[in-house]
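So the structure is just underneath, and the comments pick up after that.
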Amino acid sequence: MSELRLRVSGSADLTPTVRRFALTDPRGAALPAYEPGAHVVITTPAGHKRSYSLVEPGGARPREYVVCVRRDPGGRGGSASMHDDVAVGTELPVSAPVNRFPLHPSPKYLFIAGGIGITPVRAMVRRLRAQGRSGVRVLYLTRSAGDTPFLREFGGSDDTVHHSDEHGLFDLWPHLAEPDDDVRVYCCGPAPLMQAVRTLTAHWRASRIHMEPFAADHTSISAPFKAVWAPDGREVDVPAHLSLLDALRRDGIPVESSCEAGVCGTCRLALLSGEVEHHDSVLTEDERLTSVVACVSRAVSPEVVVGPRDHLRKDLS
Ligand code: FES
């Protein structure tokens, strides 16, 4: 992933917890192109790598990248560093945009965004509505009006904005009960929302359903498996609620990590045997044959053999 060094040219609080950052080239050059749904990986001043969706629709020669960061008091420090250590003028390492959540052509769209999951959705909806497209519906689910970024942009007749503090849980079923091949569903938000949409669209054609990959909590939907640590043959049980990374660490096997969201590659391990469902945003298809990103990817076979990144298959013999 190529890296840029960009300067924060603007910063503003959109809500008490969500801050907008604009990033530009220090010499004013145009930035690499991107399309709606793309994200960048920012290394915060405290050294965390975090992926943030670009909230503007993009294009061929953007002058800036705009991201929005919700401060997460229970987080691991990435959002706190963005809020506390970054000001206008701060220079940050930023990856070139990556798009694992592309906007595909479709007669109609249903966008489902939960909380800060609105960021890639906003880019897509702005692009489509700027083109004069109809049939673009948005369900935007947040806790309260006071903590809803871009609230005023989603007041049209095709939009439903729901605040759970006022109205309780939102019933998605009426919107998803009837599968429609003319509609693509895009969802980004917290893991329970994404899981609910997955479940409620099980009867849709899979190609119509699009989930923001780095927003998904893959550990919540997977089966337990066993990992064998190749250097010493140790067997590690990975329960459904723990990542491979956390299970290895629990058993005293140190594995470095940074983003813990499948975007930086720090926790990449050699995959020596077994089948894996890959959920990362860093490995190529070829690399996926011999590597696994331990923070997000899981085995689909009962057992996998893994080792440090430089452990080659021949080391098994
Ligand atoms: S820690 Fe970044 S990909 Fe796993």
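Atom set for the values below is all heavy atoms of this structure, side chains included, hydrogens, waters and symmetry mates excluded. As the structure lists them, so they are numbered: ligands from 1, and atoms in each ligand from 1.
Counting only N and O atoms by type, the side chains of Thr266 and Ser258 include no donor and acceptor under 3.5 Å apart. Of the N and O atoms on the side chains of Ser144 and His163, not one donor lies less than 3.5 Å from an acceptor on the other residue. Judged by distance alone, the side chains of Asp72 and Ser79 never bring a donor and an acceptor atom under 3.5 Å apart.
Interface of Gly262 with ligand 1, defined as ligand atoms under 4.0 Å from a residue heavy atom, comprises 3 (S). Residue Ser258 has at least one heavy-atom neighbour below 4.0 Å for each of these atoms of ligand 1: 1 (S). Below 4.0 Å from some heavy atom of Cys264 lie the following atoms of ligand 1, by number and element: 1 (S), 2 (Fe), 3 (S). Short contacts between ligand 1 and Cys267, defined as distances under 4.0 Å to a heavy atom of the residue, involve ligand atoms 1 (S), 3 (S), 4 (Fe). Listed by number with element, the atoms of ligand 1 under 4.0 Å from a non-hydrogen atom of Cys295 are 1 (S), 3 (S), 4 (Fe).
Counting protein heavy atoms only, atom 3 (S) of ligand 1 is closest to Gly265 N, 3.2 Å.
With Arg234 contributing its side chain and Trp229 its backbone, the two residues share no donor-acceptor pair below 3.5 Å. Judged purely by atom type and a 3.5 angstrom limit, Arg100 has no side-chain atom pairing as donor or acceptor with the backbone of Glu212.
Hydrophobic clustering, with ILVMFWY side chains joined whenever heavy atoms are under 4.5 angstrom apart, groups Trp173 together with Phe170.
At a 4.0 Å cut-off, at least one heavy atom of Val293 sits close enough to ligand 1 to count as contact.
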